[in-house]
Each structure stands twice: as C-alpha cells, then as structure tokens.
Amino acid sequence: MRVTQKMMAESMQFWLARRAAALYEAETVSSTSKKVNQPSDDPLASGRILADRTTLSSLGQYLSNAEQAQSWIEVSETVLESVYDLLDEARDIAIDQSAGDLTDREELAQTLDNSLAQIVDQANTKYGGTYLFSGDKSEAQPFSNEAAISGGTAEDLVFDLAGEAAEVEITITDGSGNVVRTISLSSGDEGTNTVSWDGLDDDGQALPDGDYEFSVKAADSSGAPTAASPTYRGDSGDKEIMVGDSTAISINTDGGSLFGDAIMAVSRAAAALNAETHDSADLDAAVGDLDAAMADLKKAMVDMSLVSGRLTATADRLELSLDTYESRISALETADATEASINLETLETAYEVTMQTASQILGLTNLISLI
Amino acid sequence: MSITTGIMSTLLSGLTTYQAAISVTGSNIANAESTGYSRQAVIIRSDSSGVSNLDGVEVAEVRRVNDRFCFSQVVSSTEDMGKLETEDKYMSYVESVFDESEGSGVNEALSDFWNGWLELVNNPSGYAERAAIVSGAETLCSNLNEAVEQLESLQNEIDQEISSTVDEINNLTERIADLNSRIAKAAAAGKDANTLLDSLDSLTEELAALVDINVSYSDNGQAAIQLADGKPLVSGGRSYSLAAEVDSDAGSLTITWNDGSGSSSSVDDVITSGALGGCLEVRDELIPGYLEDLDSLAATLIQEVNDLLESGYDLNGDPGTALFTGAGAGDIAVAQTLADDPNLLAAAGSESGSGDATIAQAMVELQDENVMNGGTSTLDEFYQALVAEVGADVEKVGDDYEQAENIAELNNNYRESVSGVSVDEETANLVLFQQAYNASAKVMTVLRELMETILDL
C-alpha cells in the first residue's frame with residue numbers, strides 16, 4: 001500500500017488520542033476507587049447497585065424497628081411483673097383475712113385500696129407519649145375514672161360492677177379533690193354501666209369545663225358490697241412491628257384482657273375488707289378470682305418473653321443481612337486498588353511508548369534533504 | 001523539411017513538457033499538507049502531431065488521482081461519525097440525569113419514602129413520623145420533576161442545534177451548486193478543473209457529516225446530491241433548501257424540504273444519519289422513551305398511594321385524603337393540604353384507633369407489590385431497570401462511536417494512500433524531470449554547436 005508522511009502523522013495522532021482517552025478512564029477509576037462511576041460503565045451492575053442500596057436502606061429501617069420494639073417490650077414486661085407481684089400480695093392478704101384474723105382489717109383494707117390504685121397506674125403506663133396497653137386507641141387512657149366537661153357537655157360516667165347492685169353511689173370530685181356532686185342510683189348491672197351526667201353540681205349549678213374524677217360504691221340487695229372498678233377504654237388491637245418485607249411481630253397491647261380481671265379481683269377483695277360486716281365467702285370468691293387472674297397474667301408474661309426472644313433473633317439476623325448487602329454493593333462498585341493502580345501504570349507506559357514512536361516518526365528525514 | 005526546425009521543435013516540446021511537469025510536481029509538494037488535496041499526476045506522452053515526422057512529447061493530461069469508490073466510503077463513514085458523535089454528546093447529558101453513583105436521586109428518594117412509612121408503623125399516632133413522610137414525598141416529587149425538566153431542556157437544546165445545522169446545510173448546498181456551475185464551464189472550455197473538483201469533494205464531505213446523502217456524478221464532474229429518499233439537494237447549478245419549522249402539535253422543530261416552487265414536505269423520517277440524524281434519534285426516539293417510563297412510574301405511584309390513603313383514616317378519625325397531585329413525572333407534587341398539616345396523613349384502617357397502623361403497613365407492602373410492567377415488577381425495580389437501560393444505551397452509543405472512528409480512520413487512510421502526496425515520491429519525480437529537462441537542453445547545446453560549425457564554414 002502506498003503510504004504518505006501525512007498518513008503516518010495522522011495515524012500517530014489517532015493512536016495518541018486513543019491512548020490518552022484510555023489513560024483518562026483509568027485515572028478516574030483510580031481516584032474515585034469505583035469501577036462504576038456512571039451507569040454506562042456497567043449498566044447491569046448499576047441497576048443491581050441501586051437495588052441493593054434500596055434493600056440496605058430497608059434492612060436498616062427494619063433493624064431500627066426491631067430495636068424500638070425491644071424497648072417497648074422491656075417496659076411492658078416490667079409492668080406485667082409489678083402487677084403480678086401486687087396481685088400476689090393482695091392474694092396473701094385475702095387468704096389471711098378469710099381465715100379470720102381481723103386485727104388489722106382496716107389497715108389491710110387500706111393496703112388493698114392502694115394496691116388497686118397502683119395496679120391501675122401500672123396498666124396506664126405511657127411510653128414514648130402513648131399508652132402501652134390501650135390497643136389501637138393509644139391516645140385513650142386504658143383504665144380511667146375520669147369524666148371531662150368540654151363545651152358545657154359532660155362525658156358519660158362509665159364503670160364496671162362485679163355483680164348486680166341495688167344501690168349505686170357515684171361521687172364526683174373536681175381537680176382539687178372537692179366533692180362537687182353525688183349521684184345515687186337504685187340499680188346497677190353486672191359488667192359495664194353507663195350513666196349520663198348533666199354536668200351540674202349538687203346545687204344544680206353548671207360546672208366549669210375541666211377534668212373530673214368519680215368513685216363508685218355499690219351494694220347488692222342484701223347490703224353486701226358489690227365491687228366496682230374502672231372500665232377498660234381501649235380496644236383489642238395489638239401492636240404490629242414490621243421486621244421484614246411481609247414479616248410482622250405482634251405485641252400484646254390489650255389492657256382489657258391483660259388486666260381487666262385482675263383489677264376486678266383486687267377490687268372485690270378490697271370491697272370485701274371495706275364492708276362493715278366480715279364475710280369469708282366474699283373473700284374466698286375474691287381469692288378464686290385472684291388465682292385465675294394471676295394464672296392468665298403468667299401466661300401473658302410467658303408469651304411476651306417469647307416475643308422478646310423472637311425480636312432479638314430477628315435483630316441478629318438483620319445485622320447479618322446488612323453486612324452481606326454492604327459487601328455485595330462494595331464488590332459491584334469498588335475497584336480493587338491494586339488492580340487499578342497496575343492498570344494505570346500499564347496504560348501510562350503504553351502512552352509513553354506511543355509518544356516515543358511519534359517523536360521518531362516525526363524526526364524521519366526526507367528524501368529532499370538527502371539529495 | 002529542415003532538420004533543424006524539426007529537431008528544434010521536438011526539443012522545445014521536451015523543454016516545455018518537463019518544465020510543466022516540474023511545476024505540477026512543485027504544486028504537489030507545496031500542497032503536501034493541504035486538506036482535501038488530491039495529488040496531480042503528470043501523464044507524459046509522445047506527440048506525433050508536429051510538423052516533422054519526429055515524435056515530440058507533450059503533457060497529455062494532468063490527472064487528478066482520485067478514487068470514486070474510496071471517496072464514497074469516506075462519505076459513508078463521515079455520515080456515521082457525524083451521527084454517533086452527536087448522539088454520544090447528548091447521551092452523556094442524559095446519563096447525568098440518571099446518575100446516582102454519588103447517591104441522592106430518585107432511587108434514594110423512593111427508598112426513603114418507603115422507610116418513612118415503616119417508621120410510622122412503629123408509632124402510628126406520631127406527628128414527627130408523618131412530617132418526615134410528607135417531607136420525603138416532597139423530595140421524591142422534586143427529583144422526578146427535575147429529571148423531566150432536564151430531559152425536556154435537552155430536547156430544546158437539540159432543537160437549537162437542528163436549526164443551526166440546517167442553516168449550515170443550506171450554505172453548503174449553495175456553495176456546491178456554485179462549484180457545479182464553474183466545473184461545467186471549465187469542462188466546456190476544455191480546462192482542467194482539478195482544484196474545483198477537490199473543493200467539491202471537500203464540501204461534499206462536510207455536508208455528509210451533517211446529513212446522510214446519496215452522491216452521483218455526471219460526465220463533466222458535476223455532483224448530484226440527494227436525500228435518502230431521492231429528494232434533490234443539489235442538481236447541476238441549482239440547490240434546494242431545508243428549513244427547520246416549529247411543529248405546533250409536537251412543540252418541537254420539524255425539518256422540511258423545499259422544492260423551490262413553494263411546496264415543502266417534512267423530511268424528519270428521511271434523515272437517519274449525519275449530525276441531523278443523531279439529533280433526531282436522541283430527541284424523537286431515545287428521550288421520549290425515557291420520559292414515558294418516568295411518567296408511567298409517577299402515574300402508578302400517584303394512583304396506588306392515593307387509593308390506599310383514601311381507604312384509610314387520619315389522626316382525626318376522618319377519611320384519608322390524597323398525598324400526591326398531578327398526572328405524571330413532570331407535575332407530580334405533594335397536596336398542599338397535607339403539606340400544611342401532616343396529621344391528615346392516614347395510617348389507620350378504622351376511624352377510632354390512633355394506634356391502628358393498617359394503612360401504614362399496607363403502604364410498606366406496596367413497595368414489594370408488582371404494580372409495574374403488567375404485574376411483573378415493583379416501582380423500585382422499574383426505576384432501577386430504567387437506569388440500567390439508560391446506561392446500556394449510552395454504552396452502546398459509545399462503543400458504536402469508537403467503532404465508527406476506527407472505520408473512518410481506515411477509510412481516510414485508504415483515500416490518503418490513493419490521493420495523498422508523498423514528498424519522497426515527488427522528490428524522485430523532480431529529479432527525473434530535471435534530468436530529462438537537462439538532457440533536452442544538452443541536445444540543444446549540441447545542435448547549436450552543429451549549427452555553429454556549419455556557419456563557421
């Protein structure tokens with residue numbers, strides 16, 4: 001083939017430019033330590049890297065969820081334990097008194113009243129701004145003896161009775177503890193009772209807006225006291241913690257099923273001790289209720305610790321997955337430093353060789369100068 | 001007839017011939033580096049037309065050394081280079097729209113959006129979690145809006161290039177037509193038109209870089225240039241112009257060809273190579289494809305999320321309202337009502353439970369539902385596949401461009417091999433012609449001595 005000087009010069013320029021381009025690419029890989037600096041560097045890997053990043057992000061979130069849930073359960077377990085201990089105490093007192101030693105009756109009645117108040121307090125524990133045990137109605141206090149007046153309208157008075165009553169006395173107190181109204185009824189049903197209140201005090205005056213508390217005393221037709229306890233205001237929803245794409249762990253938040261019977265049982269024992277006449281049968285019935293409530297509570301505690309175990313296992317598994325995905329992304333994306341620098345050196349050498357060749361070609365003498 | 005005049009005229013023809021040959025050689029050497037210069041070969045032949053029966057010599061032809069096939073190959077690879085260079089340039093901009101190698105893009109925004117709902121499941125009555133979701137949704141919307149904006153502005157830039165390229169094409173075809181006239185005149189006058197032919201090839205090559213053409217030549221060297229479907233651009237001394245007009249339907253420029261008598265027709269479908277072809281390919285095929293995918297993604301997201309929310313209840317116990325407004329990726333936005341009050345974001349499945357996270361949970365599961373591509377991919381997968389597709393398209397254009405460069409290099413080399421000036425070759429010729437000139441001159445000297453001898457008699 002006929003070759004002119006121009007051809008040699010142009011060819012040399014072409015290859016010099018090509019070498020320079022290859023060198024540039026290698027420099028980019030070396031300085032960013034990444035094989036994939038833009039989608040076109042490796043389209044398949046780009047897609048996978050994005051997908052892995054999304055998964056990594058979700059895994060991080062699931063792990064955080066699992067950890068938050070573990071704190072929630074720890075607090076719940078503490079509550080259940082305290083309530084159990086209180087029930088145990090109450091049971092001992094009831095058995096004791098049923099046997100007939102009436103020396104400290106008044107004191108012990110007071111103790112039971114306090115225990116009841118404490119159990120209700122525990123059931124009403126708040127965590128992170130919401131109630132632990134009111135199911136899905138997390139803004140409503142699980143067990144409450146409150147009735148508020150707002151906009152001039154008073155809430156209904158809702159409470160539970162252990163059995164049918166022939167007399168019910170409701171005492172409403174204001175925020176400072178003053179009795180503002182007493183309502184007497186001549187009958188009460190077993191279970192939940194709803195009594196409407198007109199919001200007026202004993203003198204028939206409308207009471208100002210605010211929070212009010214009430215307490216209930218009831219007795220049956222034979223004059224024996226009927227236990228009254230606060231009604232559960234929540235619902236039966238449980239808390240779902242998502243720890244996987246379609247994996248959710250449920251935590252029991254149903255205060256009604258956890259504590260309803262226990263509260264009623266202690267209430268019964270307290271009512272029996274507070275009664276004017278001592279009645280062992282009542283106390284025995286109370287002990288029976290307490291036994292049942294404690295057994296149920298024990299089961300709930302076991303369930304909760306199982307859930308806690310599952311959460312810990314899940315958290316460990318999630319941490320492992322996080323590591324795996326991080327390595328995967330790294331494998332796809334990161335350039336091997338040694339490989340990159342060797343490649344860079346090779347290309348630099350090639351570039352230098354091309355340049356040397358170019359200078360030789362450019363320096364060739366013409367026929368003209370030799371003639 | 002006289003020996004002297006016969007010999008003299010023969011020798012004279014030698015001197016003049018070799019003088020001419022030397023001047024052509026000089027011209028070649030001077031133009032050794034000129035672009036588009038085809039070397040001229042001096043064809044020297046014996047001339048028996050003289051008065052004596054001695055053969056003289058003449059320059060039969062100053063032939064332009066040029067191979068039509070070679071040139072047509074060069075034209076072809078110039079067209080490809082023009083197309084791919086343009087495509088490569090614009091596709092690298094397209095790629096930057098989808099480049100998330102440093103993080104922060106649609107993929108990350110989508111991921112954050114789903115995670116926001118995961119947090120809300122944990123604390124369904126929370127305000128902070130809701131505010132975070134709304135804020136994440138706003139980021140996602142603005143990322144999608146921006147992608148569309150950038151792609152559309154790229155289309156506008158391409159329109160500008162189309163407009164200026166059309167002007168350039170018209171300029172070139174006018175000049176080619178003018179050259180054609182001059183070539184015809186020179187041929188009619190029997191003169192050499194080598195320089196004009198070189199210019200013709202040069203301009204034709206420049207034109208081919210801009211638009212794909214069919215070139216044919218008439219006997220006198222004039223070039224007839226047509227578009228791929230036969231519409232003439234240059235015919236003899238006449239040129240036909242292209243125009244870039246605004247298409248009211250598409251809102252973009254369409255290229256039309258004028259037949260010179262007032263009627264014009266659109267040639268967008270006819271032009272497939274050259275810089276113009278590259279522009280059209282990116283503007284009308286590649287970018288609209290990506291825009292369509294983005295719109296599809298946004299539309300499905302809007303519908304699925306809104307439907308889910310509207311089936312639930314917010315913190316106030318009211319039925320949930322839509323989070324997204326808009327129809328596609330260009331106008332997707334967060335509803336003002338929710339931006340102002342995130343508490344209206346529904347998470348619950350029923351009116352009463354503030355701890356009810358049914359809807360929030362369903363939203364998390366939406367991330368893994370195959371709602372795209374006729375039920376075969378999730379929203380995340382769809383976008384990730386789109387990015388991979390863009391990457392693959394860019395890679396292909398890059399590879400094709402490199403390949404076209406290689407072929408162009410080969411073709412150019414071959415043309416240069418045929419038509420290029422080799423200074424060494426010319427130098428050798430120079431020496432030969434000079435010696436031949438000297439030989440003729442020497443014979444003249446001998447002849448003079450002969451005549452002197454006779455005269456001295």
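Computed from a predicted structure; not experimentally measured.
Most heavy-atom pairs under 4.5 Å with chain A: of the set B:Glu365, B:Glu426, B:Glu33, this distinction falls to B:Glu33. With chain B as the partner, the residue from A:Gln38, A:Glu333, A:Lys239 showing the most heavy-atom pairs under 4.5 Å is A:Gln38. Heavy-atom pairs under 4.5 Å with chain A peak, among B:Glu402, B:Glu108, B:Gln367, at B:Glu402. Here A:Ala51 is the residue among A:Ala51, A:Gly128, A:Ala9, A:Ala69 with the most heavy-atom pairs under 4.5 Å with chain B. Chosen from B:Ser422, B:Ser417, B:Pro124, the residue pairing most often with chain A at heavy-atom distances under 4.5 Å is B:Ser417. Among B:Val394, B:Asp368, B:Asn123, B:Val121, the residue with the largest count of heavy-atom pairs under 4.5 Å with chain A is B:Asp368. In terms of non-hydrogen atom pairs under 4.5 Å with chain B, the most contact-rich of A:Ser58, A:Ser46, A:Ala140 is A:Ser58. Among B:Val431, B:Ile29, B:Val387, the residue with the largest count of heavy-atom pairs under 4.5 Å with chain A is B:Val387. For the set A:Leu44, A:Val3, A:Asn37, the entry with the most heavy-atom pairs within less than 4.5 Å of chain B is A:Asn37.
For B:Ser34, the part sitting under 4.5 Å from any heavy atom of chain A is the backbone (N, CA, C, O) and nothing else. When heavy atoms are compared at a cutoff of 4.5 Å, A:Asp238 does not approach chain B at all. Interface residue B:Ala392: backbone and side-chain heavy atoms are both found under 4.5 Å from chain A. Contact of B:Val423 with chain A is made through backbone and side chain together, with heavy-atom distances under 4.5 Å. For A:Ser57, the parts lying near chain B are the backbone and the side chain together; criterion is any non-hydrogen pair under 4.5 Å. Contact annotation for B:Asn406: both backbone and side-chain heavy atoms come within less than 4.5 Å of a heavy atom of chain A. Contacts of A:Arg48 with chain B are absent, with no heavy-atom separation under 4.5 Å from either backbone or side chain. In this structure, chain A has heavy atoms under 4.5 Å from both the backbone and the side chain of B:Glu405. Of the atoms belonging to B:Arg415, not a single heavy atom falls under 4.5 Å from chain A. With a 4.5 Å cut-off on non-hydrogen atoms, A:Glu139 touches chain B through its backbone and its side chain both. Proximity to chain A (any heavy atom under 4.5 Å) is restricted, for B:Val421, to the backbone atoms N, CA, C and O. Heavy atoms closer than 4.5 Å to chain B are found in both the backbone and the side chain of A:Ser11. Neither the backbone nor the side chain of A:Ala45 comes within less than 4.5 Å of any heavy atom of chain B. Heavy-atom distances place the side chain of B:Asp380, and not its backbone, under 4.5 Å from chain A. Heavy atoms of B:Ala360 lying under 4.5 Å from chain A are absent altogether. Heavy atoms closer than 4.5 Å to chain B are found in both the backbone and the side chain of A:Asp245. Using a 4.5 Å cut-off between heavy atoms, B:Asn122 contacts chain A through both its backbone and its side chain.
Here the OG1-CD1 distance, from A:Thr357 to A:Ile361, works out to 6.5 Å after rounding to the nearest 0.5 Å. Atoms OH and CD, from B:Tyr383 and B:Glu100 in turn, are 5.0 Å apart once rounded to the nearest 0.5 Å. Here the CG atom belonging to B:Leu386 is positioned 5.0 Å from the CG atom belonging to B:Asp293, to the nearest 0.5 angstrom. Here the CD1-OG1 distance, from A:Ile329 to A:Thr334, works out to 9.5 Å after rounding to the nearest 0.5 Å. Atom OG of A:Ser327 and atom CG of A:Leu322 lie 10.5 Å apart (nearest 0.5 Å). The structure places CZ of A:Phe133 at 4.5 Å from CZ of A:Phe259, a figure rounded to the nearest 0.5 Å.
Judged as a ring pair (Phe, Tyr, Trp, His ring centres under 6.0 Å), the pairs with a partner in residues 35-76 of chain A (not counting sequence neighbours) are, in order, A:Trp72-A:Tyr127.
Side chains of A:Glu240 and A:Ser250 form a contact here, defined as non-hydrogen atoms less than 4.5 Å apart.
In this structure, B:Arg63 places its CZ atom where only 12 or fewer heavy-atom neighbours from other residues, nucleotides or ligands lie under 6.0 Å away.
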Q: Start with the C-alpha gap between A:Glu10 and B:Asn413, add the side-chain angles, then the distance that decides, and say whether side chain to side chain donor-acceptor pair (under 3.5 Å) holds.
A: CA-CA 9 Å; A:Glu10 281 176 351; B:Asn413 268 352; over 6 Å; no
Q.
Between B:Leu294 and B:Leu144, does the side chain to side chain contact (heavy atoms under 4.5 Å, CB included) criterion hold? Intermediate values first, please.
A. CA-CA 8 Å; B:Leu294 282 173; B:Leu144 283 168; 4.1 Å; yes
Q: Apply side chain to side chain contact (heavy atoms under 4.5 Å, CB included) to B:Ser125 and B:Leu315, showing your working.
A: CA-CA 7 Å; B:Ser125 58; B:Leu315 266 185; 4.1 Å; yes
(Q) Pair A:Glu339, A:Asn343 - check side chain to side chain contact (heavy atoms under 4.5 Å, CB included), show working. (A) CA-CA 6 Å; A:Glu339 207 180 288; A:Asn343 197 27; 6.0 Å; no
Q | side chain to side chain contact (heavy atoms under 4.5 Å, CB included) between B:Leu379 and B:Met372, worked out | A | CA-CA 6 Å; B:Leu379 287 158; B:Met372 298 297 302; 3.7 Å; yes
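Note: B:Phe98 and B:Tyr290 have perpendicular aromatic rings, judged against thresholds of 30 and 60 degrees for the angle between ring planes.
Annotation: residues 110-120 of chain B contacts chain A through B:Ser111, B:Asp112, B:Asn115, B:Leu118, B:Glu119 [non-hydrogen atoms, separation under 4.5 Å].
With hydrogens and angles left out, the side-chain atoms of A:Ser236 and A:Asp254 include no donor and acceptor closer than 3.5 Å. Using a 3.5 Å distance cut-off with no hydrogens or angles, the side chains of B:Asn438 and B:Gln434 do not pair a donor with an acceptor. Counted by atom type alone, B:Gln40 and B:Asn28 present zero donor-acceptor pairs between their side chains at under 3.5 Å. With no hydrogens or angles considered, a side-chain donor-acceptor pair links B:Asp356 and B:Ser350 at under 3.5 Å.
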